Structure formats: structure tokens, C-alpha cells
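Note that the coordinates shown come from a computational prediction; the quantities given were computed from them, not determined experimentally.
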Amino acid sequence: MVTIFSLYLLSLAEFCFGFFAIRRPDIIYYELNEKGLKIRSRLYPYENIKSFWIQIYAPVLADGKEELKPLLFIKSERLFMPVIAVPIDELWAEDVHSIMVSYDVMEEEMREHVSEKIMEFLGF
């Protein structure tokens, strides 16, 4: 039995998905400087970064080939969203690695979360 509340909830979910699907993505500026990683106005100091990983290639499920998708993963001390993925240029990957190591940030292998891949596939 379908209740009015269920229909209302379904309509609200459809509206939200539609709104976010047509919205243009924000351009987020970030920089790696002598203090740490700055994303928008938030600074992640090197001493608060638990570990990092630079991913150069990610497997593509469609044809089994590898696609260039350079990402910098940062594991911070935050409780909510402790792993942050930042897109980087392949040419900068080695320099970013050198900078992180020079500030004694531990290197730990990390991967993109499945939910991020699903959201990317859906266009969010």
C-alpha cells in the first residue's frame, strides 16, 4: 500500500536528483604550499595529514584498459570525510610526491571509494 508520505518522499527525491544533475559543477581551487594543502579557504597543515597516496592510473571497467586519472589522496584527522581526493596533472605527480615526502608525510596506498565512482558515473 502506497501512502501519501511515500509519494511525497519519492517526489522530493526526484526533484533533488534532477536539481543536482543539471547544476554545473563548482570550480574548486587548491594549492600545495609551504604550510600544507589548501582547498578553497581550508588549510590542511602537513602535521595534520596522516598519510598520502598518488594514483596515476585507474582501471576502467568498460574495456579493461587503464585510463589516465591522476589523483592525490590525503588522509586527514577529520572525522567526517577523512580521505580527500584531489585531481592533479600527471606532470606534477612526481613533484607533489617529493613535497609530501620532504614534509615527512607517510605514504599509504589508497583508492577511490566506490560511492565516488558511482556519483561520477551518474554525473554528480
Side-chain angles (χ1 to χ4, degrees):
M1 183 168 143
V2 178
T3 64
I4 293 176
F5 179 73
S6 299
L7 291 174
Y8 174 73
L9 190 60
L10 185 60
S11 299
L12 181 63
E14 287 176 355
F15 173 76
C16 289
F17 277 126
F19 174 76
F20 286 111
I22 62 172
R23 201 177 105 192
R24 297 181 82 181
D26 291 339
I27 296 175
I28 299 173
Y29 295 98
Y30 56 90
E31 69 178 73
L32 192 60
N33 58 34
E34 66 279 346
K35 295 179 182 178
L37 176 66
K38 184 177 179 182
I39 302 174
R40 290 187 178 164
S41 61
R42 182 167 174 90
L43 178 68
Y44 297 90
Y46 291 112
E47 54 270 5
N48 293 349
I49 297 175
K50 292 182 178 180
S51 59
F52 80 99
W53 182 254
I54 297 178
Q55 168 187 285
I56 300 296
Y57 292 96
V60 176
L61 300 177
D63 56 6
K65 294 183 181 176
E66 295 212 346
E67 167 186 279
L68 187 62
K69 188 177 181 183
L71 291 172
L72 167 64
F73 291 101
I74 298 290
K75 187 183 283 185
S76 67
E77 293 179 339
R78 293 175 58 182
L79 293 176
F80 180 72
M81 249 179 61
V83 178
I84 302 163
V86 179
I88 59 173
D89 191 290
E90 180 190 13
L91 300 173
W92 290 100
E94 191 173 315
D95 292 334
V96 170
H97 183 272
S98 299
I99 291 168
M100 297 302 282
V101 169
S102 72
Y103 283 98
D104 296 325
V105 180
M106 185 177 72
E107 192 171 6
E108 174 187 1
E109 187 172 352
M110 294 178 236
R111 298 195 185 277
E112 199 171 10
H113 196 271
V114 175
S115 63
E116 290 182 30
K117 292 179 183 181
I118 293 170
M119 295 298 278
E120 188 177 315
F121 176 76
L122 293 175
F124 286 96

Of all heavy-atom pairs linking V96 and L32, the shortest is CG1-CD2, 3.9 Å
Salt bridge (Lys or Arg N to Asp or Glu O under 4.0 Å) filter on E109, not counting sequence neighbours, yields R111
Report yes if the side chains of E107 and F52 come closer than 4.5 Å at any heavy-atom pair, otherwise no. yes
Could you work out, with side-chain contact (heavy atoms from CB on, under 4.5 Å) as the rule, every residue matching E47, not counting sequence neighbours? P45
Listed by chain and number, what are the side-chain contact (heavy atoms from CB on, under 4.5 Å) partners of D95, not counting sequence neighbours? W92
Euclidean distance, K75 NZ relative to M110 CE, rounded to 0.5 Å: 5.5 Å
Residue set satisfying ring pair (Phe, Tyr, Trp, His ring centres under 6.0 Å) with Y103, at least two apart, ordered chain then number -> Y46
For residues L72 and V83: do they belong to one hydrophobic cluster (side chain heavy atoms under 4.5 Å, members Ile, Leu, Val, Met, Phe, Trp, Tyr)? no
Could I get the full list of side-chain contact (heavy atoms from CB on, under 4.5 Å) partners for I39, not counting sequence neighbours? I28, Y30, L37, Y44, I84, V86
hydrophobic_cluster_shared for F73 and L43, side chain cutoff 4.5 Å: no
Are any non-hydrogen side-chain atoms of I49 and S76 less than 4.5 angstrom apart? no
Check step by step if side-chain contact (heavy atoms from CB on, under 4.5 Å) holds for K50 and M106. CA-CA 7 Å; K50 292 182 178 180; M106 185 177 72; over 6 Å; no
Output every pair passing salt bridge (charged side-chain N to carboxylate O under 4.0 Å, His left out) with a member in residues 31-42, not counting sequence neighbours, ordered by first then second residue. D26-R40
Are L71 and W53 joined in one hydrophobic group, where the rule is that I, L, V, M, F, W and Y side chains link up if heavy atoms are under 4.5 Å apart? yes
Taking every heavy atom of I54 against every heavy atom of H97, the minimum-distance pair comes out as CD1-N, 3.5 Å
